[in-house]
Each structure stands twice: as structure tokens, then as C-alpha cells.
Amino acid sequence: MGLVRDRLLSVIADAAGIESDKIKIEHPEVEEYGDYSTNVALIVKGGRQVAEEIAAKIKSDDLIEQVNVAGPGFINIKLNQKVFIDTLIDINTQKDWFGDNQTGAGKTFVIDYSAPNIAKQFGIGHLRSTIIGQAIYNLYKSSGYKTIGDNHLGDWGTQFGKLLYMIDKSGQKTYDLEQLEKWYVEFHKAAETDKALEEEARKWFVRLENGDAQAREMWKKCVEVSMAEFEKIYDLLGVKIDYVYGESFYEEMMKDVIEEAKKSGVAKLSDGAWVIEVAGFETPLMLLKSDGGTTYATRDLATLKFRRDTWNPDVVVYEVGAEQELHFRQLFAAASMLGYVKPETKLVHTKHGLYLGTDGKKFRTRGGNTVKLMEVLEEAIEKAKELGCKDEKLATKVGVGAIKYFDLLHNIQNNIVFDWSKVMALDGNSGPYLQYTYARTQSVINKSKAEKSDLLPNYKTNKEEQSVLRWIYRYPEVMEEATIRLAPNLLCNFLHELAQRFNTFYNQHSILGDKDEETVNFRLELTRAVGQVLKNGLGILGIEAVEKM
Ligand code: ARG
């Protein structure tokens, strides 16, 4: 049937005699003015008079209950109640599919996200990437795209030379992630005074690259112990990424990239290194260092080539922090010089912001140390228990959901001031509030015996019911916009407003207790629909809707 908005657009376009993509329609700030307003009269360069004429033409359309013209020629439109009732029916029949669309049918979407580094803690920045990346993945999947998630693990590079040197020196056969991190720090301290260490590390990396068995085995162990820690976090977050082609996967492919870049003349020799000069950048992109080492950028070029050959994507999104902006700008330019992206393929770097403490400085523990992600998640679960979620499983869903929601509520590029009182606020714009509201809808539905009731198209709605109706039909629109704009925060705010409107209704009216059967039926279907949309929306955000709370 299509979005209400799109149907209305074509009605207006027909009446005005122009194409619908030239017209803007939006929701007026003040809801009393109408559900939509349009500037169509101004677009056709008419004033009030023209607006009145268009208004008169569209007035009798099925979708519309009332039209009026305001100011210099804005047309305000109130939707027919039938539209709202039909929406409720759609929601309650399409259920989990309500809000999905097919705008991406036939197109392929790749998202590069999470990407923690081997031998380092899973950082809070990688948490952001994981949470946002998963939400964007879900949005695109629900828009009909063939969707591919790839965890571009940091498992290669000269830093492994340093690590292998330290491991070898220690003589230790077993070690954990924490130990690896310590060695890495120790190496750097020692290397400040002992210049020979860098050379030792380089040698180890060469051994690793040349396939030396001992080096490979130590490296593999680093990957294993790190992944074991990362898996705990992914499990807790309920995130599973389609592919984990880490940087090491591109080892062989880099050779072709380097060869091609040299042959085509895209790469230039500079002080013994091969670089790619990108217009607008003072420092070129390093392709092959003078010591023969490859770089993060070399691997990213090989990755793009591989993605083109394997998936032929229409869009590739890199969910990575803003601090890597220069890297990605150079990468995208170099990749297009090398022909590794089709001209019509869109490459996007999301540039997410940082986590800050309530003091506005970098997020740290009370003791001033870097925050360990596992501890943050565990604290969230503890706090969910304080909210009354006694059961461990439930507390995990609520605690982890709270962290995810708080992250997604922020515009991706903004910094996040991490404030526990907001993260867990049962009465604020928070995950727990939405889960609580969902549980409330389910408790009503479970109490009623009715399977499903028919809705009367002319049921007389009260103010609070209308307020829910005038909001919930917008869900598919919001989904579309959140997808196009890579903005899960739009979805968060929509769901929060929906929950608030529902709770206002719930607090003022009895649902099952009303004497009138039609009223009970209507309210039940309304409650069902609100629950369904909350569940669908939370699902996109990667948050589980809980039956009881
Ligand atoms: N591992 C990298 C880091 O932590 C992020 C990788 C992002 N993805 C990419 N294709 N470069 O900084």
C-alpha cells in the first residue's frame, strides 16, 4: 500500500500538476495544525489563491479529513481517521515485518564495523562501532538490501613484531590479553632508551611475514587469546558479525595491489618508499614503506578491492571513529584512482564521536585508568538489578540494552557524556523506559482473553488515543529516514515519544476495564500495535523487548 506520506504526496502532486519529488511535505511542529503540511503552492510560484485551489481539489480524497491554508500559502492537512485505523490493522497483521520496506531491493550494502585490535583490550570506541554498526546493519537489512557485515579485525601490522619479541624474550608459553597489553607498553618504555629494540621488532615482523613457523604460532596464539575475550563481549551484546576477515586476510592480496599501483603509475617512489599522492593532502598515503613493510592503508586498499570483487557493493560504510577521518579520505581517493570502487559506489565513513566522563574529559574509571568495557557492561547489569530486574538474564537484557540505547540516542558524530543516571533512567529517554513500556503493553495483552478484535472504522477516539494514533503511523517513515541518513537516533526519539504518548493514554484510561466492548477492542488493538512497534524498533537497535520487567 505504500507509506501514507508517499500516497499523500502523489495526491498533492496530481492536484498541483507537478512531480511529487519537487514537493516537500512535513509534519507541522504544532500538531493541532495538521498531520502534514506542504509548501506546494510556493513551489508552483503561487500564493494563497493557488493554495486554496489545490486544497479544494484534494479535500475529498480518502486520506484526508480536513485541509486549510495558512500564511502565504502553506497547506495543512489532517488525515482521515480511516488512515489511522488502517495503520493499526497493518501493524497487527504485518507484525514483525511492519516498518520494513524494499527500497534496497537488488542492492548490496557492506558495513565494516567493530574491528577491535588483537592484543589490545576491546575499547569503548570499538563498543560504539559495534553498537552503531549493528543498528545500521539492521536498518539496511530491513530496507531490502543484501546486507554484509565485516569485522575488520586489527590482526596484522608491525606492532606484532614488538609483541613477538617480548613474548619470545619472556620465554612464557601461555599468556592472556592483559599480559599482552603489558608487554606492549613495556616494549615502548624500553625502546625509548634502547634503540636496538625497534630493529629486533622489525626482524620479528619480517619472520612473521615470511611465514616462520615459530612466529606464526605465537601470532596465532595472540589472536586466539584476544578473540576469546572479544567473544565474551559479543556474546553479552548479542552481536554476531557475518564475516571476520581481519587485516591478516589480505596479506597475499596486498602484493597485487602494490604491483598494480606501481604499474599504473598511481604509486610513486619517494625516498625508497612507494606512496600514493592524493590531491589536497600534504602527506601522501603510504603504500609500501622503505623497509618493505605494508601499512594499515595498504590493507584497506586490498580490502576494498576484495569487497568489489566479492560482493560488488553499492554502498560501503565504515563505522569508525572521527579520529580516522584523514585515513579514510585518502583511502577513498586512492581507491578510486586505482579503480577499486565503481564510480557509482558510495563510500561512507561515519566518524563517530568519543565517550566522555561527566566532567567532559575522556571517559575514565574513578581511579583514573582507562575504562574496561567488560566492567562497564557488568556495572550496567548490576544497575538493572537495582531497578528490580532480579533475574540474571533479564538484568542482562535491560543493562546491556540501556548501554546500547544511550549510545544510539546520540547523533553518531557527537561525543557522548556518559552519565549512569541517564543511561538507566526508568522515567527518561532510555532503554529501560522503553522496555518497561513494552512489558506494560504485554501485560495488558496477556490479561485479556481476546485473540484479536475487529476495529470499527468510525470508533470515536478520545484525545489520548488520537495522540498515539497520530504518531504511530509515522514509524515506516522514520525507519526510512533513519536508514538514508544513517541516524538510529531518529528511531530512538520516535520510540520514546511513542512510549510517552502511550503511557499518557494508559495512565488516564482503563483498557480492559471499560464497560463498552468496542472501546475495549479498540484499546486492546492500539496497545497491541504500540507493543509491536516498540518491539520492532528496539529490535533494529539491537535491544531485546522483554515480556516482564
Ligand atoms: N582496527 C582499527 C582500529 O581500531 C579499526 C578498523 C576500521 N576499519 C577499517 N577498514 N579500517 O583503529
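All ligand and atom numbering here is 1-based and tracks the order in the structure.
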Test of ring centre spacing under 6.0 Å for Phe406 and Tyr355:
no
Looking only at the aromatic ring of each residue, does the gap between the centers of Phe249 and Tyr243 stay below 6.0 angstrom?
no
Between ligand 1 and the protein, find all N/O pairs closer than 3.5 Å and give the distance for each.
residue	atom	partner	partner atom	Å
ligand 1	1 (N)	Ala115	O	2.9
ligand 1	1 (N)	Asn117	OD1	2.7
ligand 1	4 (O)	Asn117	OD1	3.4
ligand 1	4 (O)	Asn117	ND2	3.0
ligand 1	4 (O)	His126	NE2	2.8
ligand 1	8 (N)	Asp112	OD1	3.1
ligand 1	10 (N)	Asp112	OD2	2.8
ligand 1	10 (N)	Asp300	OD1	2.8
ligand 1	11 (N)	Tyr296	OH	2.7
ligand 1	11 (N)	Asp300	OD2	2.8
ligand 1	12 (O)	Gln324	NE2	2.7

One thing to verify: whether Glu325 and Arg329 come together as a salt bridge, which I'm taking to mean a side-chain N less than 4.0 angstrom from a carboxylate O.
yes
Ring pair (Phe, Tyr, Trp, His ring centres under 6.0 Å) partners for Tyr113, two or more places apart:
none
Run the side chain to side chain donor-acceptor pair (under 3.5 Å) test against His352 and tell me which residues pass, sequence neighbours left out.
Glu319
My understanding is that only residues two or more places apart in sequence, or in another chain, count here; which of them pass side chain to side chain donor-acceptor pair (under 3.5 Å) with Glu259?
none
